[in-house]
Trainee: 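My structure is below; once you've seen it, I'll send some questions.
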Amino acid sequence: MTEPRQIDFRQWHRLFQQVPDRLVEEIRYYRHLPQAEWSQYLFPPSTHVVYGNRLLRKLKFDNSQAALRLWGFVMSEGERIYRARQAGMKVIAVMGDLGAVTPLVYSFPNIVAFYPDCLWWTPFLMESRELFDEAGQLGLGEDCCFVRASLGAFSRKAYFPKPDLCVGTVGATCDDMATVMSEAEQLGVDIHYFELPHRHDGDTDKTALSGYLENQYQELCRRLEQATGETFSPDRFRETVQKVNRMRSLIAEIKDLSGAPAASPMGAVEMMNMEFAALSYYGDLDECLAVLTEFRDLMKFRANSGQGYQNQDLRLVWVTPPADPLLMNYIEELGGRVVGSEYLIHQTTPIIDTKKDPFEALAEAHLKATLMGSSAYRVNLVIEQVERTHADGVIISGVFGSSHCPYETAPIISALRQKGIPVLSFDVVAPGKRRLQSQIFNRMEAFSESLKARKKRRAG
Amino acid sequence: MPGMKKSGDMTVGIDIGSRTTKALVWNGEEVLSRSMLSTGWTPEKSASVAFEKTLQTAAISPSEVKRTMVTGYGRGSISFADESVTEITAHARGVSYLLPETKTLIDIGGQDSKAIIIDDEALVQDFAMNDRCAAGSGKFLEFLALTMELSVQDFSELAFSSKNPMQISSICTVFAESEVLSMLAEGVAREDVASGVHRSIALRVAQMAHSLHPQVPIAFSGGVARNRCMIREIGVALGGDISVPEMPEYAGALGAAIIARESL
Amino acid sequence: MHELYKQIADAVVAMQKDDVKRLAEQALNEGLPPEEAIEKGLAAGMTRVGELFASKEYFVPELLVCSRAMNAGFDILKSKVVEGKIISKGTVVIGVVDGDYHDIGKNIVKLMLEAAGFRLVDLGRNVTAQKFTSAVITEKPDIAALSTLMTTTMDSMADIVLALQRENSDVKIMVGGAPVNEDFAKSIDAHFYGDNAREAVIGAHELLGITI
Amino acid sequence: MPGKMNPRERWSLLLIDELPDRPPVYPLVTCHAARVYNCDLIEYCTDGRILAEAQLEAQRLYGHEGLSVFTDVGIIAEAMGSKYHLREFEVPILDSPLITDTAMIGELGPPDPTTQGRLPVYLEAIDRMYSAAGDVLPIFAFIPCPFTTAAGLRGVDNFLMDTVLEPQAAHDLLDVSLKSAITFCDECILAGALPMLVDPLASGSVISRTTYSHFAKSYQQKLIAHLHRYDLDVTLHICGDTSNMLDLIPQTGADLFSFDLADVDSATDAMGDRVRLVGNLPPHGLLPSSNLSVTQGTNSIMEMGLKNPKGFVLSTGCEVPIRCEAQKLHTLINIGKNARYEEVW
């Protein structure tokens with residue numbers, strides 16, 4: 001096994017020569033379908049560079065086969081969803097649900113779910129303003145969160161097939177998302193609104209909320225039956241949930257491994273890709289499990305044998321890691337490593353009880369999600385994570401215009417400062433604004449300088 | 001200072017700001033020479049000119065310089081420097097040397113402003129920056145001085161004489177200009193308008209600093225720290241006395257030179 | 001017709017250089033007239049090659065190898081030809097037009113016309129209108145043959161045709177090459193368009209009123 | 001206008017078997033760009049910055065949907081040592097081939113694309129175009145196939161004769177030409193371009209089916225297989241008459257076939273279920289002919305092309321003539337842009 005290293009796309013291109021043909025041939029998605037040429041996905045980043053994902057030219061990638069597989073899987077999702085439709089599967093978009101309703105969707109046969117919100121990544125990946133400008137022309141400009149890119153994608157009709165149903169959450173969720181959905185509805189997308197109940201603090205009586213959520217899930221289930229022409233099966237539901245639970249435990253395990261004491265066993269960008277798998281399993285639950293299992297095994301091996309990247313000593317927790325993965329690379333270049341992350345996608349973390357009634361189990365898991373709790377609850381989680389991972393500092397990145405950012409960020413910063421935990425906070429800037437981005441780089445560098453100086457002093 | 005090398009080891013600090021480039025030679029005890037020029041469009045060139053000029057003034061040759069450290073926004077493009085450091089760290093270091101008691105540092109430069117909290121051991125504990133728009137920077141001041149057809153120097157002196165600063169509510173340069181013009185048209189005293197502009201910057205900077213829970217003593221560095229009215233308004237806005245180091249625009253370059261020497 | 005002529009022709013068609021050489025020597029040894037061996041052996045063979053080329057049984061590689069065989073025979077026979085015994089059917093100035101250096105097509109046409117008994121003046125490739133017109137003045141050809149392979153230089157061809165006609169309205173102009181077609185030839189006022197080398201040979205005869 | 005796909009989006013859909021709003025429109029605007037940009041051809045062929053700027057300028061003028069990096073088919077042979085003629089106002093052309101004797105072939109190796117010949121010109125041009133417009137426009141690097149490069153190394157006549165007289169030497173030369181093409185393709189990919197394989201000498205106008213099968217196709221196939229290992233979609237372009245070898249093209253593995261003299265319907269019959277077609281208004285149709293004939297020609301091609309089940313790209317059969325009138329090209333492109341697939345979203 002080769003020493004863990006972060007390499008660029010050129011180096012991956014050359015290293016790819018050493019990947020056995022057999023693996024390229026074997027590693028495929030949709031294994032339940034007759035195997036077509038298109039189902040291979042183990043390809044180097046240079047492939048995606050050629051197809052316009054310009055940011056990949058600047059990123060650093062982990063040099064393992066497991067990471068290559070993860071990247072290949074992530075980068076092929078767009079095509080995969082189209083192939084699903086070509087193969088006669090139903091395509092369900094799940095918007096703003098933060099991973100809550102996907103287990104139910106996948107318990108229907110012959111179906112894939114995808115997460116249009118993640119299109120926010122595309123403008124960054126392509127270093128392009130196309131999707132933002134498209135959304136702008138439809139009325140969602142700079143004052144709206146980056147999720148507006150998904151409206152651009154709906155409008156262009158070139159990023160995913162028309163969903164057979166789009167499940168969109170409203171209520172206690174991002175307002176920008178709701179705006180995107182109502183615009184998408186104008187474009188002829190069939191939308192089912194799933195209403196999230198208000199946030200609660202830990203002490204609230206959850207019975208009422210639970211009943212409310214159960215109703216929402218039952219309603220959704222009926223809509224899915226209509227859209228797919230299939231009947232809901234509790235057995236299949238249990239089977240699916242068992243897989244989903246496995247995935248959730250895998251992700252929790254992998255996150256723990258990222259804090260390995262000796263050295264960072266994995267890049268922050270790969271960790272982000274891994275965590276986002278929880279949202280919609282990148283369109284193939286079974287293959288996603290296989291990808292994450294290989295990824296976990298590698299990280300376990302590295303963590304146990306003390307292998308990892310050199311010269312990354314500052315331990316950092318990153319709150320809502322950015323749409324711009326370049327920043328995560330950059331902090332690593334400055335000697336940082338991300339040992340913990342705190343995303344908004346908490347609905348994807350709780351284990352769902354397979355012994356209970358399906359809708360009750362879904363509601364119960366949903367209510368455990370931290371984002372269903374108050375801001376103060378989330379603040380405590382961040383602090384708890386900082387302490388558990390022995391972090392030297394915290395980075396909080398937000399999105400200008402994103403409705404949840406202001407009331408999440410301020411209390412976290414203030415709580416961290418009171419505890420004397422160094423914190424850096426900034427808003428990620430959209431592609432094409434070089435000056436603003438270089439200012440973020442500057443702050444990150446200053447932050448790392450101050451953390452290093454402190455560490456040095458502590459060391460004597 | 002503990003850990004200081006014996007004098008004679010000379011280092012150079014260069015601060016390439018968005019407006020001006022500053023360079024100085026440091027021997028561990030004193031600044032032997034300084035130079036400052038406009039950064040213009042070619043940071044690399046201004047840095048090397050500033051470097052040569054300050055060496056000339058100090059009458060030393062490049063081979064006598066043990067290390068050159070660059071800082072400031074243009075630091076990325078300087079190939080002849082040994083190392084670089086952010087202006088946040090550099091300013092904090094420079095001011096801590098000049099005014100060792102400093103707990104809070106306000107720095108207002110040409111394009112941005114920052115508030116830096118310095119801990120007991122002269123390290124940066126926390127910082128905040130305003131670099132998104134001109135408001136709160138020297139540029140804003142320059143622009144509005146121009147609107148009133150005054151030099152920046154005269155503008156600040158006029159402002160300093162005011163007892164009754166007007167409130168300028170616009171933070172956008174363009175809107176602030178029209179606000180100033182309409183006040184002047186309404187017959188508001190020129191000095192009150194000018195001091196209002198200063199106050200508006202001070203309030204923005206103070207707002208940024210407040211999020212960091214600033215403590216006294218407070219120091220003020222950067223080119224704008226030569227402006228008497230701004231010193232007064234920052235003091236009012238932060239509710240404390242403000243100390244300004246000698247040659248405040250060189251604090252970053254000095255910090256860079258000191259850090260260079262410490263890393264020898 | 002002497003059996004040996006047929007054998008020479010067959011050997012040319014079969015691309016057998018050594019056989020052609022041997023048979024040419026044999027013809028001389030047997031006292032056969034060399035100009036007849038050239039015409040009825042080598043040239044007849046090349047005419048058949050031209051037919052095979054036109055019917056797409058032979059392509060450029062085969063044609064080149066056949067002509068190599070033919071030339072080997074020609075080198076042996078021509079030294080023995082009595083002065084004046086071979087009468088040229090006419091003079092053709094040939095070249096690849098300005099801006100184009102692809103001369104495969106031109107060389108093939110040249111080959112076939114020579115084999116058919118024309119005198120060829122080869123101006124080479126990248127031939128400007130000026131070079132063409134001065135050749136027309138000095139060589140007084142019956143025909144000017146223009147070739148191009150590149151689409152990017154087709155307009156040069158139009159310019160040259162115009163210049164030639166201004167200089168000497170008697171000279172017959174034939175054009176050819178991959179991107180050229182009948183319509184294009186007409187549009188630039190060329191007298192003849194040939195789709196391939198065999199058509200060029202037929203066309204050259206027609207333009208000069210010679211029956212084959 | 002909201003909802004209007006950009007060229008990148010259109011091509012992306014096409015390449016995953018989804019029909020976009022309409023076929024991409026991609027005439028082969030190569031050295032014609034130098035005329036649009038008003039620069040000398042020699043500058044265009046030797047300066048990557050100028051090549052890139054000229055391509056971008058031409059694309060802005062015409063609005064066609066892809067950038068083309070191409071000067072001449074000798075690019076690899078030259079980098080390996082053949083002498084090419086470079087003169088003002090002209091496209092480079094083979095002057096003296098490197099291999100005067102087949103015994104020299106054994107010493108040949110692939111060139112270093114970053115230093116040798118004009119290969120760096122291509123790489124710089126690609127890099128600049130990719131940075132400038134890679135998010136919305138695909139960039140095609142025209143790579144000569146082994147058969148064409150071998151001819152550039154050996155001289156066209158000699159190489160064609162080698163295929164008859166010294167087939168083993170021809171294969172040896174093709175092998176090293178293949179290695180060179182692979183090396184160059186890799187660098188072009190890293191710079192951001194999709195290789196488009198061009199094999200003008202492997203045309204049915206020059207060689208027989210048999211020669212094509214033995215000496216050209218197998219090497220096209222190997223080169224394409226190499227690119228498929230990266231999951232790249234490869235266009236194969238063959239000039240001249242390909243009508244007698246259409247049935248052989250799918251064996252190369254090409255994902256798109258760009259062709260010159262063969263009709264779209266026959267090509268559809270021969271490979272429409274497997275290969276996307278790119279074609280094929282004859283370049284001479286863009287010269288002195290009337291706008292009306294461009295219109296008629298393009299309409300008829302488009303009508304046939306829309307029926308190709310794997311998708312279609314409206315293009316020219318070969319390079320757009322350098323002195324093509326802008327109006328003609330606009331006519332072709334407008335017809336393409338007004339075509340529509342039935343909406344499937």
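Here is how names work: the chains are called A, B, and so on, in the same order as the sequence lines, proteins then strands, and each is numbered from 1.
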Trainee: With sequence neighbours left out, write down each residue that passes side-chain contact (heavy atoms from CB on, under 4.5 Å) with C/Asp159, or none if nothing qualifies.
Mentor: D/Arg323
Trainee: Looking only at the aromatic ring of each residue, does the gap between the centers of D/Phe257 and D/His237 stay below 6.0 angstrom?
Mentor: no
Trainee: So, applying side-chain contact (heavy atoms from CB on, under 4.5 Å) with C/Lys106, which one of C/Val127, C/Leu146, C/Ile94 is it?
Mentor: C/Ile94
Trainee: Heavy-atom distances under 4.5 Å only: say whether D/Leu201 touches chain C with side chain, backbone, both or neither.
Mentor: side chain
Trainee: Is any side-chain N of the basic residue among C/Asp122 and C/Lys110 closer than 4.0 Å to the acidic one's carboxylate O?
Mentor: yes
Trainee: For chain C, which of D/Asp157, D/Val156, D/Leu261 has the most heavy-atom pairs under 4.5 Å?
Mentor: D/Asp157
Trainee: Can you list the residues of residues 53-62 of chain C that sit under 4.5 Å from chain D, counting heavy atoms only?
Mentor: C/Lys56, C/Phe59, C/Val60, C/Pro61, C/Glu62
Trainee: Would you please test D/Tyr26 and D/Phe140 for ring-ring contact (aromatic ring centres under 6.0 Å, His included) and show each step?
Mentor: CA-CA 10 Å; D/Tyr26 175 60; D/Phe140 296 95; 4.8 Å; yes
Trainee: Can you tell me which of D/Thr163, D/Thr211, D/Leu165, D/Asn244 forms the most heavy-atom pairs within a distance under 4.5 Å of chain C?
Mentor: D/Leu165
Trainee: Against chain C, label D/Val206 side chain, backbone, both or neither, depending on which of its atoms sit under 4.5 Å from a heavy atom there.
Mentor: both
Trainee: Within residues 64-76 of chain C, which residues come under 4.5 Å of chain D, heavy atom to heavy atom?
Mentor: C/Leu64, C/Val65, C/Arg68
Trainee: When you look at D/Leu248 and D/Tyr212, which way does the side chain to side chain contact (heavy atoms under 4.5 Å, CB included) test go after all the steps?
Mentor: CA-CA 9 Å; D/Leu248 300 176; D/Tyr212 173 74; 3.7 Å; yes
Trainee: Between D/Tyr62 and D/His330, is the ring centre distance below 6.0 Å?
Mentor: yes
Trainee: Working note: C/Asp98 + C/Lys131, criterion salt bridge (charged side-chain N to carboxylate O under 4.0 Å, His left out); need CA distance, chi angles, decisive distance, verdict.
Mentor: CA-CA 10 Å; C/Asp98 195 6; C/Lys131 242 167 117 182; over 6 Å; no
Trainee: Hey, are D/Lys217 and D/Asp199 close enough for a salt bridge, meaning a charged N less than 4.0 Å from a carboxylate O?
Mentor: no
Trainee: Which residue pairs pass the side chain to side chain donor-acceptor pair (under 3.5 Å) test with at least one member in residues 189-207 of chain C, sequence neighbours excluded?
Mentor: C/Lys89-C/His205, C/Tyr193-C/Asp195
Trainee: Check the angle between the aromatic planes of D/Phe159 and D/Phe147 and answer parallel, tilted or perpendicular using the 30° and 60° thresholds.
Mentor: perpendicular
